Asks: 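Sharing a structure with you now.
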Amino acid sequence: MKKIIFTSLAFIAGIFFGFAQIEDCSELLISEYVEGTGKNQVIELYNPSDITADLSQYSIKCFASGPNNPNVVQLSGTLPTKGRTSCGNSQADPNVLVLCDMVSSELKFDGDDAVGLYKNDVLIDMIGEIGVNPGNTGWQVGTGFTKNNTLRRGYDVRGPTAYWTISVLQWDVLPDR
């Protein structure tokens, strides 16, 4: 009986301390990636921290089909605590553009292009692999691919990761919008 009680208490303590160790991150992360038809491309960012983020410190870089010379989208403004902002391709459909907080002609990716979030020119979050062309379907993610799909970050992800081998496990795949 003592063994059962001890095991149960240890299990409950493990759950409690496991959750207690998960802290909100102090860094922005890519929360959604939309690779739709035509130019309907959108990146959504989330601020999980308890402070307002200065977006002028951040940029999104899109690496077309593997090369290391990206298109750069310099962000501006601020993002409040627990807030979200989205950046879309300026040539997207009007029904997509109305959902975007900012637009740029430099936000170009089509499923086989790596997309990175940078802070002060240091990579902090990643979709895909820079310098790699994964082929026509893009990178495999869960039950789908980065091509012609929407990726939404899992609810339990607390911060960014600069490593696709880790990030690839953090996404839910939805049909494109």
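The structure presented is a predicted model; accordingly, all values stated were derived computationally and were not measured.
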Asks: Taking the side chain as everything from C-beta on, heavy atoms only, tell me whether K61 gets closer than 4.5 Å to N71.
Replies: no
Asks: Which is it for S90 and S104 under the side chain to side chain contact (heavy atoms under 4.5 Å, CB included) test, yes or no, and what are the steps along the way?
Replies: CA-CA 5 Å; S90 59; S104 173; 5.9 Å; no
Asks: Strictly distance-based, threshold 3.5 Å: is any side-chain N or O of N47 a donor or acceptor partner for the main-chain N or O of K82?
Replies: no
Asks: Distance from N40 atom CG to N89 atom CG, nearest 0.5 Å?
Replies: 8.5 Å
Asks: Over all heavy atoms of both residues, which pair between P160 and I124 is shortest? Give the atoms and the distance, please.
Replies: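 Looking at all heavy atoms of both residues, the closest pair is CB-O, 3.1 Å.
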Asks: Compare all side-chain heavy atoms of W164 with those of V141 and state whether any distance is below 4.5 angstrom.
Replies: yes
Asks: How about N120 and Q57: does a side-chain donor come under 3.5 Å of a side-chain acceptor?
Replies: no
Asks: Mind checking side-chain contact (heavy atoms from CB on, under 4.5 Å) for Q170 and listing every partner two or more places apart, or none if nothing turns up?
Replies: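 Partners of Q170 by the side-chain contact (heavy atoms from CB on, under 4.5 Å) criterion, ordered by chain and then number, come out as R153, V157, T161, I166, S167.
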Asks: State whether the side chain of T146 and the backbone N or O of G111 hold a donor-acceptor pair below 3.5 Å, judged by distance alone.
Replies: yes
Asks: Taking the side chain as every heavy atom from C-beta outward, state whether L75 and L45 have any atom pair closer than 4.5 Å.
Replies: yes
Asks: Is any side-chain heavy atom of S76 less than 4.5 Å from a side-chain heavy atom of L55?
Replies: no
Asks: Ignoring hydrogens and angles, tell me if any N or O in the side chain of E35 forms a donor-acceptor pair with the backbone of N148 under 3.5 Å.
Replies: yes
Asks: Please answer whether the main-chain N or O of L99 pairs with a side-chain N or O of S86 as donor and acceptor at a distance below 3.5 Å.
Replies: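 At least one qualifying donor-acceptor pair exists.
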Asks: Under 6.0 Å between the ring centres of F63 and F109?
Replies: no
Asks: Does any donor atom in the side chain of E27 or Y58 lie under 3.5 Å from an acceptor atom in the other side chain?
Replies: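 There is such a pair between these side chains.
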Asks: Distance check, rounded to the nearest 0.5 Å: C62 atom SG versus L107 atom CG?
Replies: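 Interatomic distance, C62 SG to L107 CG, rounded to 0.5 Å: 4.5 Å.
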Asks: How long is the gap from CD1 on I127 to CH2 on W139, to the nearest 0.5 Å?
Replies: 9.5 Å
Asks: When rounded to the nearest 0.5 angstrom, what distance separates CD1 in I30 from CE in M126?
Replies: 7.5 Å
Asks: Are L169 and L151 grouped together when hydrophobic residues (ILVMFWY) are joined by side-chain heavy atoms under 4.5 angstrom apart?
Replies: yes
Asks: Where do C87 and C100 come nearest, in terms of heavy atoms and distance?
Replies: C-SG, 4.3 Å
Asks: What residues, two or more places apart in sequence or in another chain, satisfy side chain to side chain donor-acceptor pair (under 3.5 Å) together with D172?
Replies: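 Partners of D172 under the side chain to side chain donor-acceptor pair (under 3.5 Å) test: none.
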Asks: Would you indicate whether the side-chain heavy atoms of S31 and R84 approach each other to under 4.5 Å?
Replies: yes
Asks: According to a hydrophobic-cluster definition based on side-chain heavy atoms being under 4.5 Å apart (Ile, Leu, Val, Met, Phe, Trp, Tyr only), do V73 and L28 belong together?
Replies: yes
Asks: Any side-chain to backbone donor/acceptor pair from D125 onto Y118? Under 3.5 Å, distance only.
Replies: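 No.
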Asks: Transitively linked via ILVMFWY side-chain contacts under 4.5 Å: I60 with L79?
Replies: yes
Asks: Tracing side-chain links under 4.5 Å among I, L, V, M, F, W and Y, which residues wind up in one group with L97?
Replies: V103
Asks: Looking at K147 and D113, is there a salt bridge between them, counting it only when a charged N and a carboxylate O are closer than 4.0 Å?
Replies: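 No salt bridge links D113 with K147.
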Asks: Are V168 and I43 grouped together when hydrophobic residues (ILVMFWY) are joined by side-chain heavy atoms under 4.5 angstrom apart?
Replies: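 Yes; tracing contacts between hydrophobic side chains, which count when under 4.5 Å, links both residues.
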Asks: Report yes if the side chains of V115 and Y33 come closer than 4.5 Å at any heavy-atom pair, otherwise no.
Replies: yes
